[in-house]
Amino acid sequence: MKSAFITGISGQDGAYLAKFLLDKGYEVHGGVRRISQQSDTRLRKLGIAGDVKLHDFDLAESNGIARVIRLLQVDEFYNLAAQSFVGSSWDLPIYTSDVNGLGVARILDCLRTYSPHTRFYQASTSEMFGLVQDVPQRETTRFHPRSPYGVSKAFAHYMTVNYRESFDMHASCGILFNHESPLRGVEFVTRKITTNLARIARGGKEPLQLGNLDSRRDWGFAGEYVEGMWSMLQQQKADDYVLASGVTTTIRDFVNFSGQALDMEIEWVGSGVQERGLDRKTGATIVAVDPTYYRPAEVGLLLGDASKARDVLDWTPRVTIKDLASMMAISDYDALH
Ligand code: NAP
Ligand code: G4F
């Protein structure tokens, strides 16, 4: 039986990856913070809370990292934990750098010292491309991060590459574009949209307040992206791979797709901060713009080219953006029953 340790197992990707590995017959261990508000909420939603072994874990705590690595000697170590919300990283730059950047250096050095046979996966991100130098972006595209989050992840990415090259470690980075699901945190824009439209469809009156409606993302379904993570660690040689859908969609269109799934037709009027989304049936305002959600710096056109993952890992996403919006909106609507 193979064994794996997942940091960030209480998060969206951690839960899907844990389920995927359990289904493959792995013994699954996970790291959780003492202060976690929902340490097993998502695991319970997937029906696997009793099947994983949880350990106290914090990326800021070197001794704890060393302890689980020495003790468990797992075959595969997936680092999915992070201060993952880009918007907060401007207010928490030091903390974000410590957890997302130095946290990875702590893990890599413990693996090198205590468990060099363990294969390592690092959750890198399209945010590293930031002010994009090429469209679409691939593994060779130069990074230009635009947020403290992106900078911290670029540090972690290069640290992983460096340990691979310096110590011949099996350490791979998945450069993942945005991936969402009904388990997505409610602070991220897709889930903020689907929870609020579901509330309005159930009779709620308060409009959904959003920031930049023209912003675009390359969105996929998280359940498929964790399969790509696993595939990377099954390759003979460690390497870095982009996982992306290759489709770009505006925030406004994600609102439209989610609304359609809930039988709401939205008509857009006005522009800039005056733009509003109206319910075509009642004329009521469903969506309004609140500039407090604008960011100090936005990224360019993030659009991924996942052809290396397709050719080497045989990984191709199947869930379309419309299916994804619909899956999330209906799940949130049903949860309010
Ligand atoms: P998520 O749902 O926000 O989960 C983040 C996880 O990290 C949570 O389990 C959280 O635990 C844990 N965590 C936070 N700070 C920690 C610390 N100091 N020590 C230990 N654990 C800590 O994120 P996700 O969407 O699953 O993303 C997984 C990883 O992929 C992250 O590294 C993210 O940056 C990266 N990524 C995500 C996407 C995406 O679109 N989802 C795209 C590219 C890369 P608590 O329960 O205690 O908060
Ligand atoms: O959903 P978001 O907060 O995700 P963002 O910043 O793209 O980050 C996510 O994806 C990254 C991969 O590229 C991950 F590395 C990261 O961990 C995280 O999972 O924002 C998406 C877009 C932004 O352009 C933002 O300005 O939506 C825009 N937006 C517009 N209104 C909003 C809002 N974002 C949020 N969170 N809330 C709004 O009201």
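Each ligand, and each atom within it, is numbered from 1 in the order the structure gives.
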Using a 4.0 Å cut-off to any heavy atom of [X], which atoms of ligand 1 qualify?
X: N178; value: 40 (O)
X: T125; value: 43 (C), 44 (C)
X: Y95; value: 18 (N)
X: L80; value: 28 (C), 29 (C), 31 (C), 32 (O)

Pair Q83, N100: side-chain N/O donor-acceptor within cut-off below 3.5 Å: no

Are F5 and Y78 close enough that their ring centers fall under 6.0 Å? no

Where is the nearest protein heavy atom to [atom]: which residue, which atom, and how far?
atom: atom 37 (C) of ligand 1; answer: H179 CE1, 3.9 Å
atom: atom 14 (C) of ligand 2; answer: Y149 OH, 3.4 Å
atom: atom 43 (C) of ligand 1; answer: L176 O, 3.1 Å
atom: atom 19 (O) of ligand 2; answer: R184 NH2, 2.9 Å
atom: atom 8 (C) of ligand 1; answer: S10 OG, 3.6 Å
atom: atom 11 (C) of ligand 2; answer: T125 OG1, 3.8 Å
atom: atom 2 (O) of ligand 1; answer: Q12 N, 3.0 Å
atom: atom 14 (C) of ligand 1; answer: A82 O, 3.1 Å
atom: atom 26 (O) of ligand 1; answer: D13 N, 2.8 Å
atom: atom 4 (O) of ligand 1; answer: G11 CA, 3.4 Å
atom: atom 8 (O) of ligand 2; answer: V86 CG2, 3.5 Å
atom: atom 23 (C) of ligand 2; answer: R217 NH2, 3.2 Å

Cluster question for you: counting only ILVMFWY and a side-chain heavy-atom cut-off of under 4.5 Å, with indirect links fine, are I266 and M328 together? yes

Hydrophobic clustering (ILVMFWY, side-chain heavy atoms < 4.5 Å, transitive) - are V319 and W230 grouped together? yes

Counting only heavy atoms not in K281, do more than 12 fall under 6.0 Å of its NZ? yes

Which option, [options], owns the non-hydrogen atom nearest [atom]?
atom: atom 2 (P) of ligand 2; options: R295, Q83, M128; answer: R295
atom: atom 36 (N) of ligand 1; options: F177, Y149, Y225; answer: Y149
atom: atom 23 (O) of ligand 1; options: S124, G185, S84, S126; answer: S84
atom: atom 47 (O) of ligand 1; options: E127, R33, M128; answer: R33
atom: atom 1 (O) of ligand 2; options: N178, T190, V255, V189; answer: V189
atom: atom 45 (P) of ligand 1; options: G31, S36, G8, S39; answer: S36
atom: atom 35 (C) of ligand 1; options: A123, A81, G64, S181; answer: A123

Just let me know how F85 lines up against ligand 2, side chain, backbone, both or neither, with a heavy-atom cut-off below 4.0 Å. side chain

I need the contact type for K192 against ligand 2. Using non-hydrogen atoms and a strict under-4.0 Å cut-off, is it side chain, backbone, both or neither? side chain

Would you say R184 touches ligand 1, if touching means a heavy atom closer than 4.0 Å? yes

Could you establish whether K153 and ligand 1 come within less than 4.0 Å of each other, counting only heavy atoms on the residue side? yes

Taking D40 for the side chain and A49 for the main chain, is one N or O donor matched with an acceptor at less than 3.5 Å? no

Proximal atoms of ligand 2 relative to S215 (non-hydrogen, under 4.0 Å): 22 (C), 23 (C), 24 (O)

Show your reasoning for whether salt bridge (charged side-chain N to carboxylate O under 4.0 Å, His left out) applies to D75 and R119. CA-CA 6 Å; D75 297 302; R119 295 186 171 196; over 6 Å; no

Contact check: R42 vs ligand 1, nitrogen or oxygen atoms, below 3.5 angstrom: no

Within 45 degrees of the axis of the six-membered ring of F177 and under 6.0 Å from its centre: does R217 put its NZ or CZ there? no

